[in-house]
Amino acid sequence: MSLKVYNSLTREKVNFTPINAPYVGMYVCGPTVSGESHLGHARPFITFDVIFRYLMYLGYKVRYVRNITDAGHFEEEGREAEDKISKKAVLEKLEPMELVQKYTNLYHWAMSRFNNLPPSIEPTATGHIIEQIAMIKKIIADGYAYVANGSVYFDVEKYNADFSQKGQPYGILSGRILDDQLETTRELENQEEKRNRSDFALWKSAAPGHIMRWQSPWGEGFPGWHIECSAMSTKYLGEEFDIHGGGMDLQFPHHECEIAQSTVCNHKMPARYWLHNNMITINGKKMGKSYNNVIRLTELFTGDHPALTQAYHPMTIRFFILQSHYRGTLDFSNEALQASEKAMKRLWEAYYWLQQSDIKGGATAGDAALDNKVKRLVDEFDECMNDDFNTAKVLANIFELVSVINSVKDKHIPAETLAGSTVELLRKQLKAYIEDIFGLQSDRVADDGKLEGVLQLLMDIRKEAKGRKDFVTSDKIRNELAALGVQLKDEKDGGMSYTIN
RNA sequence: GGUCAUGUGGCCGAGUGGUGAGGCACAGGUCUGCAAAACCUUAUACGGCGGUUCAAAUCCGUCCAUGACCUCCA
């Protein structure tokens, strides 16, 4: 039973073998901090966070590198080349780095709300200009890039011609054939500097108005988008590392260009396994700026958006994302998120009850069939994750276990139905998966126990009131606590429990 | 136009050719001072048409539909 991952490069599920076990290097393309993150951005970061956590669970020592793009990309496409970040900074009357800092902070805040672990290294593009320039120099020296008017372009045609023979044509990842692209690419303006349309910029000369600019051997300018990832992944993970991740929309051109750059510099395919998450859609359409259907994370958390009927907790979104496989599209809707919200609640109640209860199980199983079923469901967690991180299947199993737990809780089946060892296994693996691997967190207050004590007191008073059929008092306690977001529930044997929303 | 995906019940979503994952919603029931929760039961499905097979949601062909990428994009 070993981990299999779907490698976009070969388009098949393959065994995962680290280059230098137990060490694993993983690079994931991070955000461009020129604006607020939206729901779509949440997916890769949650997906790869779970992958990061699972690799550690398997015992690997993982160095997880996720960059921050803060240098600003150039835009072409009929517009004047311009630095996105500095343009917006002018509009907002901010220093570019102030803008970058603002959105970086927001991004980090959102990541922690999602309970994503911080990556091992989070390098910034602006902090690695020197490395990028060094890499560009090397590419020029090898003859795969040329200088034009202070800008440097990668010569895709030459690369493709030379490396096709070595079995690594340009387009190897995305399946694109360069010749087709040449025929079908739209007519672009301001392309006269490039020898071919498919050439991409390694370095862009900065127009006089540009605020973000650096000295280079080719004049003042700023780095192209693709080179930062190549420079930083090489610096921190080496010329060849294990996993490169990101959204499917980055396959082309971004990752394709990274492959070309790194291959020229290091004579190696940079990463062995290329993992790509699919998009989050809304009404069947990808969520993205160009579609004008973006729901920002701040809006999602507050519910302040026309498309939202309510606010959603970050954990609801995390759960929602884990309920589908990362390579499939996932369609956003209020109904779907509300379903996730309820499912999560159900999960927490069963989970906390089990962790806090003192049930021990029997010396042997009272019902071997059920006991075996529980063991099987738990054992399958790892198998599901080993099958290209099938979090949806793990959750399905967990919910089957929730039913069993609830049956024990309600005494429909006695605790001795399960063997003590099975109960322990269940406790241990549910914790490992729900908290450690899936990174789900409940809002259950982790204070010093004062609130817990107060609530217990209220529940005791309510119990006494009920005992003397003083339902006015007992309902008052329940209703007023409910108004504060604390839900009381009567249990079958006269006990009581609470949930905090 | 090129490349690559996808089409599963009211909704969201797994799925290894053979006894209908799971979640939410719905219906009936149990429990309950009431409520909520929980539990039990039941229902609804694999885009169309062919083919392979004893057997297909699962394999093959074809058609239809949708989406992504080809331009910044998670």
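Order of the sequence lines fixes the chain letters, A, B, ..., with proteins taken first and strands second; residue numbering starts at 1 for each chain. The structure displayed is predicted, hence computed values, not measured ones.
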Face-on cation placement of R66(A) at F45(A) ring, 6.0 Å and 45° thresholds: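 Yes.
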What nucleotide among [options] has an atom nearest to a side-chain atom of [X]?
X	options	answer
A396(A)	rA68(B), rA21(B), rA74(B)	rA21(B)
R346(A)	rC39(B), rC34(B), rC69(B)	rC39(B)
Y291(A)	rC69(B), rA74(B), rG22(B)	rC69(B)
K285(A)	rA14(B), rG67(B), rC12(B)	rG67(B)
E400(A)	rG13(B), rC24(B), rG22(B)	rG22(B)
N390(A)	rC69(B), rA14(B), rG67(B)	rA14(B)
L250(A)	rA14(B), rA74(B), rA36(B)	rA74(B)
A339(A)	rA37(B), rA14(B), rC24(B)	rC24(B)

What's the gap between [N] and [M] when it is taken at their [atom1] atoms, as a whole Å value?
N	M	atom1	answer
rA21(B)	rU62(B)	P	30 Å
rG10(B)	rG33(B)	P	39 Å
rG29(B)	rG7(B)	C1'	37 Å
rU8(B)	rG15(B)	P	14 Å

Test log, rule salt bridge (Lys or Arg N to Asp or Glu O under 4.0 Å), inputs E256(A) and R176(A): CA-CA 10 Å; E256(A) 205 72 72; R176(A) 280 162 220 280; 5.7 Å; no
N/O donor-acceptor pair, side chain D331(A) with base rG13(B), under 3.5 angstrom: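 In this structure, the two groups form no donor-acceptor pair.
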Donor/acceptor link under 3.5 angstrom from N334(A) side chain onto base of rC11(B):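 Answer no: no donor N or O sits under 3.5 Å from an acceptor.
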Output field: ring centroids F114(A)/F301(A) closer than 6.0 Å: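 Ring centroids of F114(A) and F301(A) are less than 6.0 Å from each other.
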Salt bridge (charged side-chain N to carboxylate O under 4.0 Å, His left out) contacts in which one or both residues fall within residues 320-343 of chain A, not counting sequence neighbours: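 Qualifying pairs, neighbours excluded: R327(A)-D388(A).
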Any R195(A) side-chain heavy atom under 4.5 Å of Y153(A) side chain: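 Side chain of R195(A) against side chain of Y153(A), heavy atoms only: no contact under 4.5 Å found.
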Nearest-nucleotide 5' precedence on RNA chain B, A343(A) against R43(A):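 The answer here is A343(A).
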Earlier contact from the 5' end, RNA chain B, for R478(A) and I280(A):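 The residue mapped nearer the 5' terminus is R478(A).
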Nucleotides 4-10 of chain B: protein proximity per nucleotide (B base, S sugar-phosphate only, - neither; heavy atom, under 4.0 Å): -------
Under-4.0 Å salt bridge between E380(A) and R376(A):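 Counted as a salt bridge, because a side-chain N and a carboxylate O are separated by less than 4.0 Å.
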Salt-bridge criterion met for D490(A) and R462(A) (N-O under 4.0 Å):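 So D490(A) pairs with R462(A) through a salt bridge.
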Any donor-acceptor pair under 3.5 Å from R11(A) side chain to Y6(A) backbone: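 Between the backbone of Y6(A) and the side chain of R11(A) there is no qualifying donor-acceptor contact (under 3.5 Å).
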Under 5.5 Å and under 30°: F471(A) stacked on rG33(B):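 Yes, the aromatic ring of F471(A) stacks with the base.
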5'-to-3' dot-bracket of RNA chain B (Watson-Crick, G-U; under 3.5 angstrom; crossing pairs as [ ]; | other strand): (((((((..(((.....[...)))..((((.......)))).....(((((..]....))))))))))))....
